[in-house]
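One structure below.
Below, chains carry the letters A, B, ... as their sequence lines are ordered, and counting in each starts from 1.
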Protein chains: 2
Amino acid sequence: MCLISSATNIAYLTGFHGSAGLLLQSGDAEFLILDGRYTLGAVEAQVRGDVAPVSIEPVETTYDAALAGLIGRLGAGRITFEPEHVSVSVLGRWQALVPGEWHGPGDLVEPLRLIKDASEIAIFRRAGVALVGVAARLTEWVRAGRTEREVAADIVRGLDDAGFSRPAFDTIVASGPNSALPHARPGDRRLSGGDLVVLDFGGVLDGYCVDLTRMAAVGRLGDEAVGLFRAVRSAQQAALDVIRAGVSTGTVDAAARQVLAAQGLGAAFVHGTGHGLGLEVHEAPRLSRVSGPEDLLRSGMVCTVEPGAYVAGVGGVRLEDDVLVTDTGGEVLTPGPRDLITV
Amino acid sequence: MCLISSATNIAYLTGFHGSAGLLLQSGDAEFLILDGRYTLGAVEAQVRGDVAPVSIEPVETTYDAALAGLIGRLGAGRITFEPEHVSVSVLGRWQALVPGEWHGPGDLVEPLRLIKDASEIAIFRRAGVALVGVAARLTEWVRAGRTEREVAADIVRGLDDAGFSRPAFDTIVASGPNSALPHARPGDRRLSGGDLVVLDFGGVLDGYCVDLTRMAAVGRLGDEAVGLFRAVRSAQQAALDVIRAGVSTGTVDAAARQVLAAQGLGAAFVHGTGHGLGLEVHEAPRLSRVSGPEDLLRSGMVCTVEPGAYVAGVGGVRLEDDVLVTDTGGEVLTPGPRDLITV
């Protein structure tokens with residue numbers, strides 16, 4: 001039997017979205033163990049067809065006890081679990097409670113999630129267009145004198161207006177010196193003349209995450225900042241140009257990295273070129289230097305392409321789009337202008 | 001040496017907030033392993049005094065390699081890790097890379113986080129008052145004809161207006177039949193006459209989470225719904241009345257549960273009475289049926305008190321406040337009216 005404990009993997013397999021739950025697959029039978037906060041909602045969702053027709057097993061006291069009881073009824077044997085999603089503590093508790101051979105060879109569900117099917121791709125196309133629609137409104141929100149926090153709050157509202165069920169992550173608005181910090185959090189700094197502004201935001205639509213970064217300039221930029229933008233735009237284009245099924249993730253990363261290195265910005269590119277998207281905003285594949293030659297892109301993968309360059313004293317630039325890998329290339333899911341937005 | 005891998009525990013110990021990072025404590029020396037997205041920001045935060053003066057160890061390729069390199073330099077020995085926060089996969093990788101005795105006896109940092117110090121309590125008091133201020137605006141937002149999503153978006157904006165850095169969790173607005181689902185997500189249902197509406201929201205202020213639930217009624221409620229509200233209000237008051245240092249968490253839970261059971265609502269109370277608050281919105285202590293007699297409240301703990309009752313066909317009610325445990329009782333951090341908000 002097989003025990004799925006990752007909430008995201010349970011959502012992928014059953015359609016049930018919750019902060020807790022365990023899915024036990026035993027032969028043809030599937031059992032979703034849920035506590036009282038979720039049982040009624042799950043049954044109603046099954047009636048609507050939104051959750052797969054698995055047996056709902058209610059938790060009376062604790063999840064551990066419910067799991068032990070269920071496995072006891074089914075007959076203990078070899079139990080395959082998800083080693084990436086089970087902590088050392090939890091496995092210790094399960095081993096103490098449930099006799100059987102606990103076996104965690106590797107990811108069980110992620111290989112399925114890696115390749116998006118037609119219905120997932122349809123969601124991504126809608127979500128990408130919706131996100132570009134939010135980006136088109138940045139000129140309403142980005143203005144000298146406003147704080148990063150105010151701009152971020154407008155973007156969050158824009159995501160809601162565009163039909164996203166929630167932001168995919170904490171929106172980043174990083175201006176001036178803060179733009180040189182790839183993971184800056186929006187603060188009380190007011191945008192002012194000469195600022196580079198990194199605007200990195202995403203939304204969740206029908207469960208799936210999309211992610212975009214656009215750049216703004218407040219008034220006139222210095223030459224170095226303009227050069228940084230141009231270099232990152234070229235690097236992003238170089239990466240987009242090489243994407244197709246069969247190319248290694250490391251090749252895509254290297255394409256962007258070489259453009260920046262050639263302009264003396266190799267050390268300024270301090271992160272990977274991209275990450276997969278799906279029910280989580282960061283999932284496989286990773287497009288980075290540590291990709292092995294065996295990490296090949298496959299048709300149906302969806303990932304970001306987001307090189308950046310960060311120079312203390314000048315600022316930072318990142319441009320990010322979402323791409324569907326196909327046999328012939330990369331379909332940009334977030335089509336639209338990637339130009340510097342001058343305000 | 002001691003290896004801290006929980007991002008929240010790293011934030012608690014060092015002041016560094018990031019999505020990645022490892023903290024290695026060896027004798028008097030402390031090393032914060034960070035990748036290039038975070039190193040510059042962490043050094044700047046150290047200069048400002050916002051991050052403790054630990055040594056920043058940059059990741060060149062992977063965190064695993066950086067960790068192995070650092071432990072190699074320091075000399076391998078007994079490495080105590082956090083078994084609740086390290087997956088079976090990650091421990092396997094570490095054991096393969098770093099010779100040494102890997103030892104995971106239990107939580108290392110959570111016992112410290114459990115008892116809030118004066119500066120944390122000061123933040124909680126400010127955050128609680130700010131959250132009650134948001135609740136005071138619910139009458140602006142909750143109206144017949146509006147969708148749950150619209151009301152939730154207003155609450156999120158209200159949290160931002162009140163100075164919270166972000167919502168502490170996805171805001172719940174559950175109306176009519178949806179109110180009977182404790183963890184409903186806001187949807188496109190429009191509020192209408194006779195609805196009970198559960199409004200459960202929280203914010204993060206200076207890193208700390210507060211959490212509140214208020215109830216609204218749209219127009220005139222049926223007698224059963226009114227009875228449900230009164231029963232839950234009595235149950236919450238009963239729990240609040242028994243809170244003080246030295247009382248067991250199970251006693252607090254039982255106080256609320258007995259009130260509901262006495263009115264035939266025992267089976268309708270499908271979750272615990274409360275949870276601890278801190279850098280995370282759900283942390284120790286848990287106030288539930290499975291608390292043992294040894295789980296005693298201690299002065300300086302902060303927790304929610306949130307009994308609820310959910311009846312399909314009638315609706316659901318939950319009331320939630322945040323409480324600081326003291327030697328003499330419970331200090332309500334979210335003071336204000338808990339009455340049914342009739343709109």
Side-chain angles (χ1 to χ4, degrees), chain A residues 17-20 35-42 44 58 61-62 65 81-92 102 104 106-107 149-150 152-153 156-157 160-161 163 165-167 169-171 177-178 180-187 267-271 282 288-290 308 310 312, chain B residues 17-20 35-42 44 58 61-62 65 81-92 102 104 106-107 149-150 152-153 156-157 160-161 163 165-167 169-171 177-178 180-187 267-271 282 288-290 308 310 312:
Chain A
H17 292 260
S19 64
D35 67 74
R37 296 171 300 169
Y38 292 115
T39 44
L40 177 60
E44 292 184 357
T61 54
T62 67
F81 67 95
E82 298 183 286
E84 197 69 49
H85 303 295
V86 175
S87 74
V88 173
S89 287
V90 167
L91 181 62
W102 288 87
D107 289 338
R149 272 172 62 94
E150 287 168 349
V156 169
R157 200 171 320 163
D160 188 75
D161 292 345
S165 51
R166 57 190 160 85
F169 52 88
D170 290 347
T171 295
N178 297 338
L181 309 173
H183 270 228
R185 297 202 277 181
F269 182 17
V270 295
H271 52 72
H282 292 108
S288 72
R289 273 175 295 186
V290 291
Y310 311 88
Chain B
H17 292 261
S19 64
D35 67 75
R37 297 171 300 170
Y38 292 115
T39 43
L40 176 61
E44 291 184 358
T61 54
T62 67
F81 68 95
E82 297 183 287
E84 197 70 48
H85 303 295
V86 175
S87 74
V88 174
S89 287
V90 167
L91 181 62
W102 289 87
D107 289 338
R149 272 173 61 94
E150 287 168 348
V156 169
R157 201 171 319 162
D160 187 75
D161 292 344
S165 51
R166 56 190 161 84
F169 52 89
D170 290 347
T171 295
N178 297 338
L181 309 173
H183 270 228
R185 297 203 278 181
F269 181 18
V270 294
H271 53 71
H282 292 108
S288 72
R289 273 175 295 185
V290 292
Y310 310 89

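Heavy-atom minimum distance, A153(A) versus D160(B): CB-OD2, 3.5 Å. In this structure, L40(B) and A312(A) approach most closely via the heavy-atom pair CD2-CB, 4.1 Å. Of all the heavy atoms in V270(B) and G36(A), the pair that sits closest is CG2-O, 3.3 Å. Closest heavy-atom contact between V290(A) and T62(B): CG1-CG2, 3.8 Å. A pairwise comparison of heavy atoms in P83(B) and S87(A) identifies O-CB, 3.4 Å as the closest pair.
For a residue to count as touching a neighbouring chain, one of its non-hydrogen atoms must lie under 4.5 Å from one of that chain's; by this rule E44(B) touches chain A with the side chain only. In this structure, chain A has a heavy atom under 4.5 Å from the side chain of F81(B), while its backbone stays farther away. Residue contact with chain A, scored on non-hydrogen atoms closer than 4.5 Å, involves the side chain of R166(B) exclusively. Within the 4.5 angstrom heavy-atom criterion, only side-chain atoms of L91(B), from C-beta onward, approach chain A.
Interface summary for chain A: among H282(B), R289(B), R157(B), the most heavy-atom pairs under 4.5 angstrom belong to R157(B). Between chain A and the options R149(B), H271(B), E82(B), H17(B), the largest number of non-hydrogen pairs under 4.5 Å is found for R149(B).
Between E84(B) and V90(A) the shortest side-chain heavy-atom distance falls below 4.5 Å.
Here the OG-CG distance, from S165(A) to D170(B), works out to 8.0 Å after rounding to the nearest 0.5 Å.
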